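Taking it in order: structure first as structure tokens, then the write-up.
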Amino acid sequence: ARRLAKPEGPSSTLACQLADAVLAIDAAGRLIPCETFLGRSQFYLGDVKNGFSKTKYNKFEKWILSQGQFRIDNEDCRNCFAKMLCGGGCYAESFNNTGTLRALDEISCAFVRETVKINLYYISQIKNLQPKTFSLMSGKTIE
């Protein structure tokens, strides 16, 4: 979450938009930092009627910032070309699978890196073979 901040320093950036641009609301109207955390009561941050619980949000903020800075804190992530797209994996999936926040294992990392390479290849092909399509996506016109 771009707006989350460590008390002793500047704002920190997580790999996703957890609890910032991404927010889930369950059928009971509870606010949850991400839809992948649905069903986990420890992550309820408030409800639509009363808004965010400052105490719960602050507790979540401290937890995620202290445990979830994979692309910065994990050496393998810090040196990876795909870190800005992967960020060490999904926080919620990691928690759901392991009960804690962990960066991806080596097999998952290899899969993500290859997926990023494939995506970049196809993006470059579209850009080279169909530049007009790319310009339409960026809002720019080609002369």
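What you are looking at is a predicted structure, and each value in this text was computed from that prediction instead of being measured.
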Taking all heavy atoms of [X] and all of [Y], pick out the closest pair and write down the distance.
| X | Y | value |
| --- | --- | --- |
| Asn96 | Arg40 | OD1-NE, 2.8 Å |
| Asn50 | Asp47 | N-OD1, 2.7 Å |
| Cys34 | Ala24 | C-CB, 3.7 Å |
| Leu23 | Ile32 | CD1-O, 3.1 Å |

**OP:** I would like to know whether Tyr44 and Asp26 meet side-chain contact (heavy atoms from CB on, under 4.5 Å); could you show each step before the answer?
**Re:** CA-CA 10 Å; Tyr44 296 161; Asp26 71 4; 3.9 Å; yes
Original post:
Is the count of non-hydrogen atoms from other residues, nucleotides or ligands lying under 6.0 Å from Phe111 atom CZ greater than 12?
Top reply: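 At most 12 heavy atoms, drawn from other residues, nucleotides or ligands, come within 6.0 Å of this atom.
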Original post:
When you look at CG of Leu129, are more than 12 heavy atoms from neighbouring residues, nucleotides or ligands closer to it than 6.0 Å?
Top reply: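 More than 12 heavy atoms, drawn from other residues, nucleotides or ligands, come within 6.0 Å of this atom.
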**OP:** Would you please name every residue forming a side-chain hydrogen bond (donor to acceptor under 3.5 Å, both in side chains) with Ser108, sequence neighbours left out?
**Re:**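 side-chain hydrogen bond (donor to acceptor under 3.5 Å, both in side chains) list for Ser108, sorted by chain: Asp105.
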Original post:
What residues, two or more places apart in sequence or in another chain, satisfy side-chain hydrogen bond (donor to acceptor under 3.5 Å, both in side chains) together with Gln42?
Top reply: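 Result, side-chain hydrogen bond (donor to acceptor under 3.5 Å, both in side chains) vs Gln42: none returned.
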About how many Å separate [atom2] of [Y] and [atom1] of [X], when rounded to the nearest 0.5 Å?
| X | Y | atom1 | atom2 | value |
| --- | --- | --- | --- | --- |
| Thr36 | Phe95 | OG1 | CZ | 13.0 Å |
| Lys132 | Gln130 | NZ | CD | 10.0 Å |
| Ile123 | Ile118 | CD1 | CD1 | 12.0 Å |
| Lys117 | Tyr121 | NZ | OH | 14.5 Å |
| Leu45 | Glu61 | CG | CD | 10.5 Å |

Original post:
Charged N to carboxylate O below 4.0 Å: is that the case for Arg113 and Glu106?
Top reply: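 Counted as a salt bridge, because a side-chain N and a carboxylate O are separated by less than 4.0 Å.
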Original post:
Hey, what's the ring geometry for Phe60 with Phe37, parallel, tilted or perpendicular (30° and 60° as the breaks)?
Top reply: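 Ring orientation of Phe60 relative to Phe37: perpendicular.
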